[in-house]
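Before any comments, here is the structure.
Proteins come first, then strands; the chains are lettered A, B, ... in the order of their sequence lines, and each starts at number 1.
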Amino acid sequence: MRLELRIAPLDLDKTLGCGQTFRWRRQQDGSWAGPLSDQFVVLCQEDDVVHVDAFPGRADLDDLVAEHLRECDDIPRIQKELGRDPRMARGIAELEGLRIVKIDEWECLVSFALATYANIPRISRMIETLARNYGERITEDIYTFPTRKRLRKATVRELARCGLGYRADYAHELCREVDEGTLERLKKLNYQQLREELRELPGVGNKVADCVSLFGFGRLESFPIDVWIQRALARLYRVKGSYKRLREFAAERFGHYAGYAQEYLYYNERLRARNGACLFLEQ
DNA sequence: GCCCAGGAGTGTG
DNA sequence: CACACTCATGGG
């Protein structure tokens, strides 16, 4: 099944390759392939057009992809707002195609609970192993993310054997503390309430709660702080300290689009680690 | 071999 | 609330 979408501005390489998602893979020809909901999807960008190829195909495929890439976001407005920050102003134009992604709430919750104290290649591996063992087969080697119901049948030992380490307990307990109604109820809460309730869940602390708020529940004011963001804030803004202190700094500085600021800073910091390049103004 | 990883949980000051 | 320590393991 094929179709085309118009989403602009968009840079698929930045959006799907920056580390906010764990299952997309860049192909030799430059396209991106991966599971999205119950579909195996291949995305290929040609200027403002995204060619979508999906198997087995479904009627609302366009909505599925548009939602994932957050077509709804008004990037010019977001950039205009964040551009008021003098440190960020210089570099953000180059990042206009980097869009926050919308991930399924359950998948996002488990994925980022597994993402604690592990690097991205390993996180991807953990998730692929889980999908292969407990997901549904879509193609030869592509599997859906496991449902709560299915993953619930796995023992802690089995989960640990998927390479999760001590995170096996998180996954195992999440399957028991979250039911269908939980996520639906959380959707209705404001960011602060959502954040607090997420933090009650096993394996969900400050950072994971903010990642799930941002990528799973689409709360753009959320500002997840990991080691990369800590470094970025320290270097660019000379601000250090507790999570609470940094979060309050970000809320004050970046406002209700703090999530995009976070993604820009994260992208820039990792780029800098690889190339020494820096898009933003350093003090 | 070594250091680090999109941290959380727990106990202490 | 802030800090220190532990947790299990693969990737670069």
Shortest non-hydrogen separation from A:G216 to A:C108 and the atoms involved: N-SG, 3.5 Å
Using a heavy-atom cut-off of under 4.0 Å over every strand shown, decide if [X] touches base, sugar-phosphate, or nothing.
X	value
A:Y243	nothing
A:G203	sugar-phosphate
A:L214	nothing
A:P121	sugar-phosphate
A:R245	nothing
A:A115	sugar-phosphate

Presence of donor-acceptor pair under 3.5 Å, side chain of A:Y170 and base of B:dG9: no
Quick one: [X] [atom1] to [N] [atom2], roughly how many Å, whole number?
X	N	atom1	atom2	value
A:R122	B:dC3	CZ	P	18 Å
A:F112	B:dA8	CZ	P	12 Å
A:L164	C:dG11	CG	P	13 Å
A:D169	B:dG7	CG	P	19 Å
A:Q230	B:dA5	CD	C1'	12 Å
A:E177	B:dG9	CD	P	10 Å
A:L246	B:dG7	CG	C1'	14 Å
A:H172	B:dA8	NE2	P	21 Å

Between [options], which nucleotide has the shortest distance from any of its atoms to the side chain of [X]?
X	options	result
A:K207	B:dA8, C:dA8, C:dT9	B:dA8
A:N119	C:dG11, B:dA8, C:dA8	C:dG11
A:T116	B:dA8, B:dA5, C:dG11	B:dA8
A:K244	C:dC1, B:dG9, C:dG10	C:dC1

Aromatic ring pairing A:Y266/A:W228, orientation class (parallel under 30°, perpendicular over 60°, tilted between): perpendicular
Hey, does the side chain of [X] come within less than 4.0 Å of [N]'s phosphate (OP1/OP2), counting only N and O?
X	N	result
A:R231	B:dA5	yes
A:S242	C:dA2	yes
A:R125	C:dG11	yes

Centroid distance under 5.5 Å and plane angle under 30°, A:Y117 vs B:dG7: yes
Residue pair A:E269, A:R235: steps toward the salt bridge (charged side-chain N to carboxylate O under 4.0 Å, His left out) verdict: CA-CA 10 Å; A:E269 195 62 23; A:R235 204 185 69 255; 2.8 Å; yes
Residue pair A:L174, A:R148: steps toward the side-chain contact (heavy atoms from CB on, under 4.5 Å) verdict: CA-CA 8 Å; A:L174 279 176; A:R148 180 189 65 86; over 6 Å; no
NZ/NE/NH1/NH2 to OD/OE distance under 4.0 Å, A:K187 and A:E184: yes
Side-chain donor-acceptor pair present, A:Y264, A:Q79, cut-off under 3.5 Å: yes
Which residue lies more 5' along DNA chain B, comparing A:A118 with A:P202 via nearest heavy atoms: A:A118
Separation between the P atoms of B:dG7 and C:dG12, rounded to whole Å: 16 Å
